[in-house]
Amino acid sequence: MQPTPKSESELLLRAQDLAGSTLGELAEQAGIIPPPDLKRDKGWIGQLLEWHLGAVAGSKPIPDFPELGIELKTIPIGYSGKPLETTFVCVAPLIGLHGLHWGNSHIRHKLARVLWVPVEGERDIPLADRHVGSPLLWSPSIEEEQQLRQDWEELMDMIVLGRVEHITARHGEVLQLRPKAANSRALTEAYGENGQPIKTLPRGFYLKTHFTAAILARHFIL
DNA sequence: AGATGATCATCC
DNA sequence: GGATGATCATCT
């Protein structure tokens, strides 16, 4: 693991230095062998980039760069130049929602400052041959935060009202709520239609691809 | 082709 | 189970 960057500019500089490299090159430098594919190693690219950028490893509920308050997100890019996948942000709280609002929400904090690192993501490109792109340090604009907040409030309203099982990925313009679990047998507690506790799949907030595509596109223009 | 719902690995 | 890291597999 590389030393943790002391400043935002140092982190960005280091990320820019990775641009143009292949995952095979970065894996070799880290002393690891790339898996044949990501089927059983879905977090492999993220962890490889964490190593190179000196992120704090582990499963702690803190930013990747605690001193800087920055979250690292790798994002798979297709031949179209746009994201191939939605971006997981955090697990959605389903109970104990009293006093929760956008201003103190976990998701707002997580998205306050993000280092996006695009990586070639087409499955017909061997993992080791995929290139890392130019990084982007991002905070939501006024408009972006308004969109996020509106979706979040709509989704949380449904959760509070016991309608979590009526929510589909089609709710929300830029933010969606989808299952986030090891499998369909992993259940957690939530509010039911009549306020009674029910068991349901854990859910996560995901950024839709058109939203992250716009973030990256804005970067290209500037 | 793109989006949705389901799933994989690891750590605690 | 829930946090971290996400992509897979299937359907439209």
Side-chain angles (χ1 to χ4, degrees), chain A residues 1 4 23 26-27 30 32-66 70-96 105-107 109-111 114-128 130 132 151 155 159 164-190 197-214 216:
Chain A
M1 169 98 64
T4 190
L23 297 182
L26 297 183
I32 55 179
I33 305 293
D37 55 55
L38 296 176
K39 283 180 185 163
R40 309 183 69 83
D41 298 271
K42 297 183 180 182
W44 186 80
I45 297 176
Q47 287 164 0
L48 178 64
L49 271 295
E50 283 181 351
W51 186 92
H52 277 275
L53 295 175
V56 174
S59 57
K60 294 179 286 292
I62 56 174
D64 297 296
F65 302 95
I70 296 175
E71 190 72 20
L72 173 65
K73 289 288 181 195
T74 61
I75 184 165
I77 303 298
Y79 294 129
S80 64
K82 297 194 294 186
L84 283 171
E85 297 282 353
T86 56
T87 300
F88 171 72
V89 183
C90 61
V91 170
L94 301 183
I95 56 171
S105 67
H106 192 22
I107 185 170
H109 198 240
K110 275 239 166 189
L111 292 177
V114 178
L115 180 66
W116 297 99
V117 180
V119 178
E120 287 180 334
E122 294 286 1
R123 290 187 213 175
D124 61 7
I125 307 176
L127 192 53
R130 298 183 194 177
V132 175
D151 285 346
L155 293 166
I159 291 172
V164 63
E165 296 192 319
H166 295 274
I167 298 175
T168 74
R170 282 153 287 242
H171 287 88
E173 290 293 324
V174 302
L175 191 68
Q176 59 184 184
L177 193 79
R178 309 211 317 268
K180 165 65 175 173
N183 54 61
S184 58
R185 284 122 256 152
L187 299 178
T188 191
E189 194 163 279
I198 62 169
K199 287 290 191 180
T200 192
L201 284 173
R203 305 301 211 280
F205 288 116
Y206 295 78
L207 299 176
K208 294 192 174 185
T209 54
H210 74 81
F211 184 74
T212 50
L216 300 179

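Below, read A as the first sequence line, B as the second, and so on, with proteins coming before strands; counting in each chain starts at 1.
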Nearest 0.5 angstrom please: A/T188 OG1 to A/L201 CG, how far? 10.0 Å
Send over the distance from A/I77 CD1 to B/dA1 P, rounded to a whole Å. 18 Å
Any donor-acceptor pair under 3.5 Å linking the side chain of A/H109 with the backbone of A/P63? no
Taking only the side-chain nitrogens and oxygens of A/Q176, find out if one of them lies under 4.0 Å from OP1 or OP2 of B/dA3. no
Just checking A/E189: base, sugar-phosphate only, or nothing, at a heavy-atom cut-off of under 4.0 Å? nothing
Can you measure A/W51 atom CH2 to C/dG5 atom C1' for me and round it to whole angstrom units? 18 Å
Distance in angstrom units between A/K110 NZ and C/dG2 C1', rounded: 12 Å
In whole Å, what is the span from the CZ atom of A/R203 to the C1' atom of C/dG1? 16 Å
Between A/L84 (CG) and B/dT4 (P), how many Å, whole number? 15 Å
Provide the full list of salt bridge (charged side-chain N to carboxylate O under 4.0 Å, His left out) pairs with a residue in residues 197-213 of chain A, sequence neighbours left out, each pair given once. none
Per-nt protein contacts along nucleotides 7-12 of chain C (heavy atom under 4.0 Å; B base, S backbone sugar-phosphate only, - none) come out as BBB---
All side-chain hydrogen bond (donor to acceptor under 3.5 Å, both in side chains) counterparts of A/E71, not counting sequence neighbours: A/K110
Report yes if a donor N or O on one partner sits less than 3.5 Å from an acceptor N or O on the other, where the partners are the side chain of A/K82 and the base of B/dG2; otherwise report no. no
Counting side-chain heavy atoms from C-beta on, which of C/dT4, C/dA3, B/dG5 comes nearest to A/R170? B/dG5
Within the structure shown, what part of the strands sits under 4.0 Å from A/K199 by heavy-atom distance: base, sugar-phosphate, or nothing? nothing
Roughly how many Å is it from OH in A/Y79 to P in B/dG2, rounded to a whole number? 13 Å
Starting at the 5' end of DNA chain B and moving along, which residue's nearest nucleotide shows up first, A/T168 or A/Q47? A/T168
For a quick check of understanding: with a heavy-atom distance under 4.0 Å over all strands, which category does A/K180 fall into, base, sugar-phosphate or nothing? base
Between A/L72 and A/V91, just flag the one whose closest nucleotide in DNA chain C comes earlier from the 5' side. A/V91
Classify the nucleic acid contact of A/R185 as base, sugar-phosphate or nothing, counting any heavy atom under 4.0 Å across all strands shown. sugar-phosphate
What is the distance, rounded to the nearest whole Å, between atom CG of A/L177 and atom C1' of B/dT4? 12 Å
State, to the nearest 10°, the angle formed by the axis through the first five base pairs of the helix from B/dA1-C/dT12 to B/dC12-C/dG1 and the axis through its last five. 30°
For A/K82, give me all partners under salt bridge (Lys or Arg N to Asp or Glu O under 4.0 Å), at least two apart in sequence or on another chain. none
List the residues meeting side-chain contact (heavy atoms from CB on, under 4.5 Å) with A/H171, not counting sequence neighbours, and say none if there are none. A/E154, A/L155, A/M158, A/I167, A/T168
For A/E165, give me all partners under side-chain hydrogen bond (donor to acceptor under 3.5 Å, both in side chains), at least two apart in sequence or on another chain. A/T200
Closer than 4.0 Å, any side-chain N/O of A/T209 to the OP1 or OP2 of B/dG2? no
Separation of atom CG in A/N183 from atom P in C/dG2, rounded to whole Å: 13 Å
With a cut-off of 3.5 Å and sequence neighbours excluded, list every side-chain donor-acceptor pair involving residues 177-186 of chain A.
from	atom 1	to	atom 2	distance (Å)
A/R178	NH1	A/T86	OG1	2.9
A/R178	NH1	A/Q176	OE1	2.5
A/N183	OD1	A/R185	N	2.8
A/N183	OD1	A/A186	N	3.3

Above 12 or not: heavy atoms from other molecules or residues under 6.0 Å from CD1 of A/I33? no
My understanding is that only residues two or more places apart in sequence, or in another chain, count here; which of them pass side-chain contact (heavy atoms from CB on, under 4.5 Å) with A/I125? A/Y79, A/E120, A/E122, A/D129, A/R130
